[in-house]
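These numbers come from a predicted model, not from an experiment.
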Number of protein chains: 2
Amino acid sequence: MERATQPGKVWLVGAGPGSADLLTLRAARVLGQVDVWLIDDLVGEEIHQHARPDAVLEYVGKRGGRCSMRQADINERALAHALAGRSVARVKGGDPTLFGRGGEELAYLAAHGIEVEIVNGLTSGMAAAQSLGVGLTHRDFGHGVTFVTAHTADDGGPDWPALCAGGTTLVIYMGMSRLADIRDALCRAGKPADTPAAVVMNASRVDERQWCGSLATLTDALDAGLASPAIILVGGVLAHARHPQPAAFALPLAHATGDSLACC
Amino acid sequence: MERATQPGKVWLVGAGPGSADLLTLRAARVLGQVDVWLIDDLVGEEIHQHARPDAVLEYVGKRGGRCSMRQADINERALAHALAGRSVARVKGGDPTLFGRGGEELAYLAAHGIEVEIVNGLTSGMAAAQSLGVGLTHRDFGHGVTFVTAHTADDGGPDWPALCAGGTTLVIYMGMSRLADIRDALCRAGKPADTPAAVVMNASRVDERQWCGSLATLTDALDAGLASPAIILVGGVLAHARHPQPAAFALPLAHATGDSLACC
């Protein structure tokens, strides 16, 4: 294995929810400095504009459970580049501290003596709220918000009754393949069937689509053509979701959602 | 009241957790275009660099419960500027969809016919995780993360037993004035006293400070000099918090935490 005297540093960079202008200034700067990008599938190509002309861009994506590269291989790839003295941006969709196993990648590299730093990105659940025009923590509807994945390591799913009892707005990731199960579990846990709900697919991207309804009608989002990757939001505050989404009449931005479809 | 033929638009702009380079590219662009900024106290002056030379910058801050301007007055101020035809950035610390009553401001303005758009920002809970070098949703420790405020409209506090049962990492805002109460409530709800915990004050700012310990020792954070505004994090994954925080050996950035103090 190629090994430099001084190993390179690895940045776990959050690329945000999709729209290239939702990157942070820090992320853009780090991306413009490193030798190598290791990129998730869900990261759009628009952000390549920030790469150094001589940077090496490698896709190591995982998408919807179909792994094009195993997690262990991604870890080893990042380590190999760093040991060879190259600076690396591990470019992840959303935020490295929320889902996506950023913490595991950090721990692996740190255990091998590599300097690792997180650069936060916006998570798609926040972008979904932005598009719907709602606050996730409106004080009339609870004390906070829970970001949770419906897809778990042991495939057992989260403790829905406890999450319902917590009274927070629920923002559910990776749940489109089990939408009926989520509806049933939440109703069994005591959520009224008329609890407002929304689904936002490709939040912030040009192909964003929204659906708004209630827990009872949740699977209608599938009939409306929404599919993974999408965010499911459940809670009283979703009654205030707006249509069309504000981006439809937004200030002209390079990545405005001009052809997006609002189903709400 | 001054009233233009065409009202101005209002952007609810998330200024992020503090470090000026954690602003998004979109936020920086919007801030550079509007006529008026209405700014929260917790927003640092570094971001003023993005203002148009002729923009009017007004502080309308609320901090730690001490209101320098009532919420109703802030709403009316934003409305008056918009009706007078001026474009407005309502600049809020963190993210407008998470706490800070962004949803209420949006609803008020929209009800008066004003076009409103949210521009997401990073929330300080995510910045705290970045500084501690942990993922908030590590799959070995739960199914997600809950962002919750300890300070509620009716001052009753959240349903801590339910939140504990949910099994998510807890990220608690506005809790420094009731740290002992939070510790007691979580322990009564069944959280083991040795559950790892951390407190991050001024996450991402040059004066950031960290404390790491357990639920049992949570109030030691006060003895260590940490105070509001700070984020309290509770959950198994905090056992992996790093010290010194990675920013201490970061790539030189304009706002690196050069003089921060790591207590972990």
For this session: Would you please test A/Val145 and B/Thr146 for side-chain contact (heavy atoms from CB on, under 4.5 Å) and show each step?
Result: CA-CA 6 Å; A/Val145 60; B/Thr146 298; over 6 Å; no

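Between the OG1 atom of B/Thr97 and the CG atom of A/Leu136 there is a distance of 4.0 Å, given to the nearest 0.5 Å. With rounding to the nearest 0.5 angstrom, the CE atom of A/Met126 is 6.0 Å from the OG1 atom of B/Thr123. The distance from atom CG of A/Asp95 to atom CD of B/Gln130, rounded to the nearest 0.5 Å, is 8.0 Å. Between atom CD of residue A/Glu117 and atom CZ of residue B/Arg242 there is a gap of 8.5 Å, rounded to the nearest 0.5 Å. Atoms OG1 and CG, from B/Thr24 and A/Leu122 in turn, are 6.5 Å apart once rounded to the nearest 0.5 Å. To the nearest 0.5 Å, atoms CD1 (B/Ile172) and NE2 (A/His143) are separated by 12.5 Å.
Looking at B/Leu23, both its backbone and its side chain come within 4.5 Å of chain A, counting heavy atoms on both sides. Using a 4.5 Å cut-off between heavy atoms, A/Ala107 does not touch chain B at all. Proximity to chain A (any heavy atom under 4.5 Å) is restricted, for B/Val134, to the backbone atoms N, CA, C and O. Heavy atoms of A/His240 lying under 4.5 Å from chain B are absent altogether.
Contact tally against chain A (heavy-atom pairs below 4.5 Å) for B/Gly14, B/Pro17, B/Ala127, B/Ser87: the top residue is B/Ala127. Heavy-atom pairs under 4.5 Å with chain B were tallied for A/Val171, A/Leu98, A/Thr169; the largest tally goes to A/Leu98. Residue with the most contacts toward chain B among A/Leu22, A/Leu163, A/Asp159: A/Leu22 (heavy-atom pairs, distance under 4.5 Å). For the set A/Gly167, A/Ala162, A/Gly103, the entry with the most heavy-atom pairs within less than 4.5 Å of chain B is A/Ala162. Most heavy-atom pairs under 4.5 Å with chain B: of the set A/Val119, A/Val148, A/Asn120, A/Leu12, this distinction falls to A/Asn120. For the set A/Pro96, A/Cys164, A/Gly121, the count of heavy-atom pairs under 4.5 angstrom toward chain B peaks at A/Gly121.
Considering only heavy atoms from C-beta on, B/His138 stays 4.5 Å or farther from A/Leu106 through its side chain.
When every heavy atom of B/Arg26 is checked against every heavy atom of A/Ser19, the shortest pair comes out as NH2-OG, 3.1 Å.
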